[in-house]
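Heads up: the structure comes next, in structure tokens.
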Amino acid sequence: MDGHLLLVAHGSRDPRHAATVRALTRRIRSTRPGLRVGTAFLDFDSPSVQGELTRMADGGATGVVVQPLLLSRAFHARHDLPGALRGAPAPLVVRQAPVLGPHPLLTAALERRLYEAGLGPHERATTGVVLAAAGTTDPDAAAVLAGIARSWQGTGWRAVRPAFASAGPFPATGDAVRALRAEGVRRVAVAPYVLAPGRLPDRIAAGADGAGADVLGGVLGAAPELARLVLLRYDGAAAGARALAA
């Protein structure tokens with residue numbers, strides 16, 4: 001790879017989504033000066049994946065690492081993105097990095113957002129957390145979220161429970177909050193496991209508010225931990241490409 005990174009987000013009709021993705025792009029550029037970073041979207045927003053790959057190739061790029069701004073290997077990662085990448089210009093060598101999750105830097109970013117929302121680090125042992133994702137019917141992706149909740153609880157939280165804003169095997173955000181209350185957890189925080197604002201994150205926030213959660217964290221957004229994780233994924237994919245070329 002020749003120092004090109006393409007971030008690919010899902011896209012949304014909500015303009016806050018693209019604005020947040022571009023804020024993350026700016027943070028990554030400032031963290032790694034000299035790395036040429038582009039942004040594309042699978043749907044709703046522009047540029048498209050094919051359009052941005054073509055722009056990079058026209059600008060002289062011979063290779064690019066594509067980083068999905070996706071938290072799990074659900075439908076978009078397994079089907080939509082590979083389909084979009086098949087339209088890459090022929091001279092351009094494309095290497096797809098793994099999805100972002102799971103990774104300890106993501107839970108560190110979730111904790112950052114909870115602390116920014118007013119939760120104190122000393123309150124971990126008495127706080128139950130609802131790990132609220134957008135939702136999926138993919139059983140493997142759901143199992144990964146459950147595993148993240150178990151691992152995160154082991155770092156000292158009173159409890160961590162997965163929840164979904166839409167379809168899936170886990171309860172809705174508000175129901176998960178109420179279940180923790182029924183278990184005797186007095187302080188409940190909701191941690192949105194989503195990249196950027198939009199319809200489903202708004203549903204998470206509404207569920208948290210309706211059930212009386214004490215703390216609602218912000219979306220992951222342009223958290224520094226997320227920028228570090230993207231660069232780790234980029235470095236791994238670029239190193240693999242160099243090894244193959246050697």
Side-chain angles (χ1 to χ4, degrees), residues 1-29 32 34-101 103 133-138 140-141 144 166-167 194-200 220-222 226-227 229-246:
M1 300 294 108
D2 55 355
H4 286 81
L5 169 64
L6 177 59
L7 308 175
V8 179
H10 180 270
S12 171
R13 292 185 177 89
D14 189 320
R16 296 174 298 168
H17 177 92
T20 301
V21 170
R22 293 190 171 102
L24 175 61
T25 303
R26 291 192 295 271
R27 182 180 284 276
I28 292 167
R29 286 174 180 154
R32 182 76 61 89
L35 178 63
R36 285 153 288 189
V37 186
T39 306
F41 300 89
L42 291 171
D43 204 355
F44 302 118
D45 293 300
S46 61
S48 67
V49 175
Q50 294 178 9
E52 186 63 10
L53 289 173
T54 298
R55 186 195 67 80
M56 287 181 160
D58 290 346
T62 58
V64 59
V65 170
V66 172
Q67 174 60 63
L69 294 182
L70 302 171
L71 299 175
S72 69
R73 277 190 50 79
F75 185 84
H76 300 301
R78 291 186 289 104
H79 297 280
D80 292 348
L81 181 55
L85 295 181
R86 284 194 286 272
L92 191 65
V93 177
V94 176
R95 188 169 183 86
Q96 182 178 330
V99 296
L100 295 173
H103 196 280
T136 180
T137 56
D138 184 299
D140 292 334
V144 168
S166 62
V194 292
L195 178 71
R199 178 176 58 87
L200 293 178
L220 292 167
L226 193 58
L229 177 54
V230 167
L231 290 171
L232 282 175
R233 296 287 195 238
Y234 167 80
D235 289 339
R242 288 193 293 270
L244 287 173

Worksheet item: At their closest point, which heavy atom of V65 faces which heavy atom of A238, and how far apart are they?
Response: CG2-N, 4.1 Å
Worksheet item: Which atom pair, heavy atoms only, marks the closest approach of E52 to G38?
Response: OE2-CA, 3.7 Å
Worksheet item: Do you know which of V64, T25, T39, V230 makes side chain to side chain contact (heavy atoms under 4.5 Å, CB included) with L5?
Response: V230
Worksheet item: Between the side chain of R27 and the main-chain N/O of A222, is any donor-acceptor distance below 3.5 Å?
Response: yes
Worksheet entry | Contact check, side chains of L71 and V144, non-hydrogen atoms, under 4.5 Å | no
Worksheet item: Under a 4.5 Å cut-off applied to non-hydrogen side-chain atoms, are I28 and Y234 in contact?
Response: no
Practice prompt. Kindly indicate, with the supporting measurements, whether the criterion side chain to side chain contact (heavy atoms under 4.5 Å, CB included) is fulfilled by V66 and V49.
Written response: CA-CA 10 Å; V66 172; V49 175; 5.8 Å; no
Discussion item. Quick check: closest heavy atoms across R16 and G198, and the distance to 0.1 Å?
Written reply: NH2-N, 3.8 Å
Discussion item. Could you tell me if the side chain of V194 sits less than 4.5 Å from the side chain of L200, heavy atoms only?
Written reply: no
Worksheet item: Quick one: CG on L226 to CG on L24, what's the gap to the nearest 0.5 Å?
Response: 5.0 Å
Worksheet entry | Under 3.5 Å: donor-acceptor pair, side chain of Q67, backbone of V99 | no
Worksheet item: Which atom names give the shortest non-hydrogen contact between Q96 and P68, and what distance separates them?
Response: NE2-CG, 3.9 Å
Item to complete: Please name the pair of heavy atoms, one in S166 and one in G135, separated by the smallest distance, quoted to 0.1 Å.
Response: OG-CA, 3.7 Å
Discussion item. Within this structure, what is the CG-CZ distance for the pair L6 and R36, rounded to the nearest 0.5 Å?
Written reply: 13.5 Å
Response to the item:
Sorted by chain and number, sequence neighbours left out, side-chain hydrogen bond (donor to acceptor under 3.5 Å, both in side chains) with D45 holds for none
Worksheet entry | Note, L231 side chain near L35 side chain (heavy atom, < 4.5 Å) | yes
Item to complete: Give a yes or no answer on whether the side chain of T20 reaches the backbone of G221 with a donor-acceptor pair at less than 3.5 Å.
Response: no
Fill in: H17 and H10 aromatic ring geometry - parallel, tilted or perpendicular at 30°/60° bounds
perpendicular
Worksheet item: Just by distance, do the side chain of R233 and the backbone of L100 share a donor-acceptor pair under 3.5 Å?
Response: yes
